[in-house]
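See structure below.
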Amino acid sequence: MNHTATWDETAIWSGRQTLALGRVQLEAGETLPEVEVAYETFGRLNAAKDNAVLICHALTGDAHAGGPTEEPGWWQPLIGPGKALDPERWYIICSNVLGGCNGTTGPQSPDPAQDGRPYGSRFPLITIRDMVNVQRQLVDALCIGELALVLGGSMGGLQVIEWAVSYPERVRACIPMAASGQLSALAIAYNEAMRSAIESDPAFAGGDYYGTAGPVNGLALARKIGMITYRSFSLFQSRFGHETSAADAPLGHTKFQIETYLDHQGAKLVNRFDANSYLRLIRAMDLHDIGRGRGGVEAAIQRIQSDLLWVGIDSDRLYPAEEQRAWAERILAQGKRALYREIASEHGHDAFLLEFDQINDIIIDFVGRVEGNTDGR
Ligand SMILES: CC(=O)SCCNC(=O)CCNC(=O)[C@H](O)C(C)(C)COP(=O)(O)OP(=O)(O)OC[C@H]1O[C@@H](n2cnc3c(N)ncnc32)[C@H](O)[C@@H]1OP(=O)(O)O
Ligand SMILES: N[C@@H](CCO)C(=O)O
């Protein structure tokens, strides 16, 4: 899909920027000596510096949420005049996460301690808190004190709630979507299956595969597993049902449409993502727990100062709607300003990347409530 600009994006889009942060201390104890963060911005920071919005991306996303490029950004339809993320009003920032493979320091990056060879297996364990710490340093460098809004889905949503707890005085409003405050056993289980798929590929070579094709089969299999969790029963059923690629093929050569679809999705990811990054990011998700080191989840929730809107998806099998509602209620029960909204969709978990009309309306409504100083309940 190509993207045709319908407004003058170029004038207010930063393009890909990179900021050198230097040494970054990680939650698990190690340090990364030379961290760089890749980011893109839309709009202008106003004189009061109170119009900054931070978008946090999901597992295989990147800093390109939108922009006047041939390849559309992953939240392109939400960004534009009159849209929820209107660059004429907001200064919108999106950065690639720590550990990623799209510009920010990750396992593919040169390791200064190894003559600039890629980190590979030596890239340290990172957490969602580390990702948020790097974003906070970027926000500092952009001279922003308080963020008007922090939002994102899935792994992006984990970052959003971590922001609200780690830096409560710096978040005015936040919207975690299809996320959690502590990763569920089911989500860890799928991550474990994906991890096994990558690590059991002989081409993984313990993570030191750069210079070779790498664990393409393992990464493709991991994506297939992931895709099954990102979509719903009814979507798969209505799109693929029991259809095969060739109706007259002998039974022993049957290939179902859902099988070729998963093959395609696996192959597509291998072309744009690094297996080591995939492993580091899913481990960071597993370890996500806003209560760690803070006296538990309830004590962590007590730290939140922002208005919060938790968004669930009715067909999400990975972060089920009942879990999403429960997180909103748990935060509300601590006396916080928390709302819950649900996206109605056949798309499953990935609806936060697809149901743009609903997401647009949900954001606009929430921002209006926050600005109207309603109590948000
Ligand atoms: C390429 C990039 O850089 S993407 C931008 C960065 N990535 C992100 O931000 C990650 C978030 N994005 C995503 O996860 C995805 O892009 C989503 C969820 C938004 C959309 O997923 P998609 O894969 O585009 O949608 P969908 O499930 O409809 O699959 C369509 C693809 O399956 C193919 N397909 C559909 N049915 C079949 C089938 N039976 N057999 C084989 N292939 C099939 C289509 O031809 C299409 O292929 P294409 O993507 O090469 O054009
Ligand atoms: N499908 C999205 C969401 C996964 O949680 C991605 O690949 O990033």
Side-chain angles (χ1 to χ4, degrees), residues 1-3 16 38 40 55-67 69-79 94-97 99-103 128 131 152-160 176-180 183-184 186-188 190-191 194 219-220 222-232 234-247 254-274 277-278 281-282 284-286 288 313 315-319 324 343 345-356 359:
M1 178 175 67
N2 288 350
H3 163 61
R16 169 67 63 89
E40 298 182 16
I55 301 174
C56 303
H57 72 71
L59 176 60
T60 71
D62 54 30
H64 190 54
T69 52
E70 195 180 325
E71 188 67 39
W74 54 272
W75 258 8
Q76 189 89 39
L78 298 179
I79 304 173
C94 184
S95 61
N96 184 217
V97 292
C101 52
N102 285 294
I128 298 291
M131 295 176 193
S154 196
M155 191 183 83
L158 308 187
Q159 295 159 60
V160 173
M177 303 179 187
S180 67
L183 207 71
S184 71
L186 184 78
I188 297 170
Y190 284 125
N191 284 348
M194 295 195 283
L219 182 57
R223 185 59 166 179
K224 288 185 189 184
I225 295 167
M227 289 306 300
I228 298 167
T229 73
Y230 303 152
R231 301 300 157 92
S232 71
S234 64
L235 184 85
F236 276 170
Q237 200 57 25
S238 61
R239 276 175 81 170
F240 307 114
H242 208 253
E243 295 300 314
T244 55
S245 301
T254 300
K255 189 81 174 172
F256 290 101
Q257 290 287 347
I258 182 64
E259 293 178 300
T260 60
Y261 171 77
L262 292 177
D263 286 345
H264 181 74
Q265 291 291 343
K268 215 165 62 155
L269 187 78
V270 162
N271 282 330
R272 69 176 180 89
F273 217 77
D274 174 51
S277 277
Y278 201 94
L281 301 191
I282 61 174
M285 293 168 76
D286 292 345
H288 172 63
I313 298 158
S315 56
D316 194 336
R317 297 190 297 160
L318 185 56
Y319 294 77
Q324 303 306 294
I343 296 169
S345 176
E346 202 189 15
H347 286 294
H349 180 65
D350 268 348
F352 77 94
L353 294 162
L354 295 162
E355 297 286 1
F356 295 113
I359 298 168

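Ligands are counted one by one from 1 in listed order, and the atoms in each one are counted from 1 as well.
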Next on the checklist: How far is atom 4 (C) of ligand 2 from the closest protein heavy atom, and which atom is that?
Outcome noted: Tyr230 CZ, 3.4 Å
Checklist entry - Does His264 reach ligand 1 with a nitrogen or oxygen that is under 3.5 Å from one of the ligand's nitrogen or oxygen atoms? => result yes
Checklist entry - Does the protein place any heavy atom closer than 4.0 Å to atom 16 (O) of ligand 1? => result no
Checklist outcome for this item: Note: His349, heavy atoms under 4.0 Å from ligand 2, region reported as side chain
Checklist entry - Got the closest protein heavy atom to atom 1 (C) of ligand 1, with its distance? => result Arg272 CD, 3.7 Å
Checklist entry - How does Arg231 reach ligand 1, by side chain, by backbone, by both or by neither, if only non-hydrogen atoms under 4.0 Å count? => result side chain
Checklist entry - Nearest protein heavy-atom contact for atom 8 (O) of ligand 2: which residue, which atom, what distance? => result Thr60 N, 2.9 Å
Checklist entry - So, do Glu40 and Cys94 sit near enough that their side-chain heavy atoms are less than 4.5 Å apart? => result no
Checklist entry - Looking only at heavy atoms, is any part of Asp350 under 4.0 Å from ligand 1, and if so is it the side chain, the backbone, or both, or is it neither? => result side chain
Next on the checklist: Give me the nearest non-hydrogen protein atom to atom 1 (N) of ligand 2 as residue plus atom name, then the distance to 0.1 Å.
Outcome noted: Asp350 OD1, 2.8 Å
Checklist entry - Any side-chain heavy atom of Met177 sitting closer than 4.5 Å to one from Ile313? => result no
Checklist entry - Against heavy atoms of Phe240, which atoms of ligand 1 measure under 4.0 Å? => result 36 (N), 39 (N)
Next on the checklist: Given Gln265, Arg239, Gln76, identify the one with the heavy atom nearest to atom 31 (C) of ligand 1.
Outcome noted: Gln265
Checklist entry - Any non-hydrogen atom of Glu259 lying under 4.0 Å from ligand 1? => result no
Item to check | Heavy-atom protein contact below 4.0 Å for atom 6 (C) of ligand 1 | outcome: yes
Item to check | Nearest protein heavy atom with distance in Å, relative to atom 35 (C) of ligand 1 | outcome: Tyr261 CD1, 3.6 Å
Checklist entry - Looking at atom 40 (N) of ligand 1, what's its closest protein heavy atom, distance included? => result Thr260 OG1, 2.8 Å
Checklist entry - Against heavy atoms of Leu59, which atoms of ligand 2 measure under 4.0 Å? => result 8 (O)
Item to check | Contacting atoms of ligand 2, where contact means under 4.0 angstrom from a heavy atom of Ala58 | outcome: 3 (C), 8 (O)
Checklist entry - Would you call Phe240 and Phe256 a side-chain contact if the rule is heavy atoms closer than 4.5 Å? => result no
Checklist entry - Are Tyr278 and Leu269 close enough that some pair of their side-chain heavy atoms sits under 4.5 Å apart? => result yes
Checklist entry - Applying a strict 4.0 Å limit to heavy atoms, is Leu353 in contact with ligand 2? => result yes
Checklist entry - Do Arg272 and Asp62 have side-chain heavy atoms sitting under 4.5 Å apart? => result no
Checklist outcome for this item: side-chain hydrogen bond (donor to acceptor under 3.5 Å, both in side chains) with Asp316: of Arg231, His347, His349, only one passes, and it is His349
Checklist entry - Out of curiosity, Ser345 OG to Asp350 CG, how far, rounded to the nearest 0.5 Å? => result 9.5 Å
Checklist entry - Of all the heavy atoms in His349, does at least one lie under 4.0 Å from an atom in ligand 1? => result no
Checklist outcome for this item: One finds that the ligand 1 atoms under 4.0 Å from a non-hydrogen atom of Trp74 are 9 (O)
Next on the checklist: Heavy atoms only, cut-off 4.0 Å: how does Gln265 contact ligand 2, side chain, backbone, both, or neither?
Outcome noted: neither
Next on the checklist: Side chain, backbone, both or neither: which applies to Met227 and ligand 1 if a contact is any heavy-atom pair less than 4.0 Å apart?
Outcome noted: neither
Item to check | Rounded distance [0.5 Å steps], NE2 in His57 versus CD in Gln159 | outcome: 6.5 Å
Checklist outcome for this item: Ranked by distance from atom 39 (N) of ligand 1, the top protein heavy atom is Gln257 OE1, 2.7 Å
Checklist entry - Does ligand 1 have an atom under 4.0 Å from some heavy atom of Tyr230? => result no
Item to check | 4.5 Å side-chain heavy-atom contact, Leu158 and Met131 | outcome: no
Checklist entry - Is any side-chain heavy atom of Arg239 closer than 4.5 Å to a side-chain heavy atom of Tyr261? => result yes
Checklist outcome for this item: the protein heavy atom lying closest to atom 5 (O) of ligand 2 turns out to be Ser154 OG, 2.6 Å
Next on the checklist: Please list, in number order, the atoms of ligand 1 under 4.0 Å from a heavy atom of Lys268.
Outcome noted: 22 (P), 23 (O), 24 (O), 48 (P), 49 (O), 50 (O)
Checklist entry - Is there a donor-acceptor contact under 3.5 Å from the side chain of Gln76 to the main chain of Gly73? => result yes
Checklist entry - Which heavy-atom pair separates Ser154 from Tyr319 by the least distance, and what is that distance? => result OG-CE1, 4.2 Å
Checklist entry - Looking only at non-hydrogen atoms, which of Asn102, Leu353, Leu354 approaches atom 13 (C) of ligand 1 most closely? => result Leu353
Checklist outcome for this item: For Ala220 and Ala267, the nearest pair of non-hydrogen atoms, with its separation, is CB-N, 4.5 Å
Item to check | Spatial distance of atom CG (Asp274) from atom CG (Asn102) [nearest 0.5 Å] | outcome: 10.0 Å
Item to check | atom 9 (O) of ligand 1 protein-contacted, heavy-atom criterion under 4.0 angstrom | outcome: yes
Item to check | Numbering as shown, the atoms of ligand 1 that approach Arg223 to under 4.0 Å (heavy-atom distance) | outcome: 14 (O)
Next on the checklist: If we only consider heavy atoms of His57, is any one of them less than 4.0 Å away from an atom in ligand 1?
Outcome noted: no
Checklist entry - Does the side chain of Lys224 reach to within under 4.5 Å of the side chain of Asp263, using non-hydrogen atoms? => result yes
Next on the checklist: Rounded at 0.5 Å granularity, tell me how far CD in Glu346 sits from OG in Ser234.
Outcome noted: 4.0 Å
Next on the checklist: Quick check: closest heavy atoms across Leu59 and Met155, and the distance to 0.1 Å?
Outcome noted: N-CB, 3.8 Å
